[in-house]
Amino acid sequence: MDGQFEKAGFDRDRIFAVQGDYAYLQCAAGCHDRLYYNEGLVHEMSRQTADCRIPSSLVPRCPVCGGQMDVNLRKDGNFVQDTRWYDSRDRYLSFMRKACRRNTLLLELGVGYNTPAIIRFPFEELASQYANITLARINRDHVEKQAPVRSFIPFRENMGRIISDILK
């Protein structure tokens with residue numbers, strides 16, 4: 001069971017999908033904490049689509065409560081955080097504790113205000129607490145900062161162009 005990041009060659013243990021992962025389904029009501037890899041189902045839905053509709057037999061139902069299934073995305077209070085999510089969070093926090101001890105660049109790509117407490121505000125807090133941390137924010141619409149960040153590099157330009165320039 002690999003998501004898109006893993007298929008692109010990223011080590012699964014180095015990914016923290018804090019906001020969820022489109023490659024997995026969960027119970028829409030969050031009745032249990034298991035995630036279900038959906039690639040096969042998505043391909044089958046695509047194969048059987050007629051007049052922009054899929055057969056009702058392909059609409060996923062929760063195997064526990066029988067309710068609707070949904071993509072594993074943080075969008076409401078029913079977001080499922082399984083064991084893998086907690087393990088990934090612990091690895092991320094450990095990594096960040098070590099990173100805060102040396103010169104660190106936090107590169108924030110297009111993070112807005114949908115759930116700012118997940119990435120945006122914690123990055124600003126770190127960059128305001130530690131003199132050795134620089135926050136570079138690439139965001140066409142929301143480049144501003146809320147916290148008194150010590151070292152801040154805002155970019156409003158096209159993200160694709162900026163990343164291409166960095167890679168040169």
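Values below: every heavy atom of this structure, side chains too, minus hydrogens, waters and symmetry copies. Keep in mind the model is a prediction, meaning the values are calculated, not measured.
Among pairs with a residue in residues 105-134, those fulfilling salt bridge (charged side-chain N to carboxylate O under 4.0 Å, His left out) read Glu108-Arg120, Glu108-Arg137, Arg120-Glu144, Glu124-Arg137, at least two apart in sequence or across chains. Listed by first then second residue, pairs satisfying side chain to side chain donor-acceptor pair (under 3.5 Å) with a partner in residues 44-69 read Glu44-Arg47, Glu44-Gln48, not counting sequence neighbours. For residues 158-168, there are no side chain to side chain donor-acceptor pair (under 3.5 Å) pairs, not counting sequence neighbours. Every pair passing ring pair (Phe, Tyr, Trp, His ring centres under 6.0 Å) that includes a residue from residues 117-158 is listed here, sequence neighbours excluded: Tyr113-His142.
Taking all atoms of both residues into account, the shortest heavy-atom contact from Cys27 to Cys65 is SG-SG, 3.7 Å. Here the closest non-hydrogen pair linking Thr104 and Ala99 is OG1-O, 2.5 Å. The shortest heavy-atom contact between Ala127 and Ile133 is CA-CG2, 3.9 Å. Nearest heavy atoms, Cys31 versus Cys62: SG-SG, 3.6 Å. Residue Tyr36 comes nearest to Pro63 through the heavy atom pair OH-CG, 3.2 Å, listed as atom of the first residue, atom of the second, then distance. Across Leu126 and Cys100, no two heavy atoms sit closer than the pair CD2-SG, 3.6 Å.
Leu41 places a side-chain heavy atom less than 4.5 Å from the side chain of Leu25. Taking 4.5 Å as the limit, every side-chain heavy atom of Ser88 sits out of range of all side-chain heavy atoms of Gln81. You'll find the side chain of Lys145 stays beyond 4.5 Å of the side chain of Pro154, heavy atoms only. Contact of the Gln26 side chain with the Asp82 side chain is not registered, since no non-hydrogen atoms from C-beta on lie closer than 4.5 Å.
A chain of hydrophobic side-chain contacts below 4.5 Å, direct or via other Ile, Leu, Val, Met, Phe, Trp or Tyr residues, connects Leu107 to Met159. Cluster annotation: Val143 and Val149 are assigned to distinct hydrophobic clusters (Ile/Leu/Val/Met/Phe/Trp/Tyr, side-chain heavy-atom contacts under 4.5 Å, transitive). Hydrophobic cluster membership differs between Leu109 and Val111, with clusters built from Ile, Leu, Val, Met, Phe, Trp and Tyr side chains linked at under 4.5 angstrom. Follow the hydrophobic side-chain contacts under 4.5 Å out from Met69 and you reach Ile54 in the same cluster. By the criterion of side-chain heavy atoms lying less than 4.5 angstrom apart, applied directly or through intervening Ile, Leu, Val, Met, Phe, Trp or Tyr residues, Ile153 is grouped together with Leu167 in one hydrophobic cluster.
Heavy atoms of other residues, nucleotides or ligands lying less than 6.0 angstrom from CZ of Arg91 number more than 12. Heavy-atom neighbours of Arg140 CZ from other residues, nucleotides or ligands within 6.0 Å: at or below the threshold of 12.
Rounding to the nearest 0.5 angstrom, the gap separating the CD atom in Gln19 from the CD1 atom in Ile119 is 5.5 Å. Note that the CD1 atom of Ile166 and the CD1 atom of Ile138 stand 5.0 Å from one another [nearest 0.5 Å]. Rounded to the nearest 0.5 Å, atoms CG (Leu58) and CE (Met45) are 6.0 Å apart. Rounding to the nearest 0.5 Å places CG of Asn103 at 7.5 Å from OG1 of Thr134. Taking CG of Asp21 as the start and OH of Tyr37 as the end, the distance is 8.5 Å to the nearest 0.5 Å. Distance OG1/Thr83 to CG/Asp33: 6.0 Å, rounded to 0.5 Å.
Here the side chain of Ser128 pairs no donor or acceptor atom with the backbone of Ala147 at under 3.5 angstrom. Asn132 contributes a side-chain N or O that, together with a main-chain N or O of Arg102, makes up a donor-acceptor pair within less than 3.5 Å. Of the possible donor and acceptor atoms, one in the side chain of Asn72 sits under 3.5 Å from a partner among the backbone N and O of Val80.
Residues that satisfy the ring-ring contact (aromatic ring centres under 6.0 Å, His included) test with Tyr92, not counting sequence neighbours, are Phe16. Every residue two or more places apart in sequence or in another chain was checked for a side-chain hydrogen bond (donor to acceptor under 3.5 Å, both in side chains) with Tyr22, and none qualifies.
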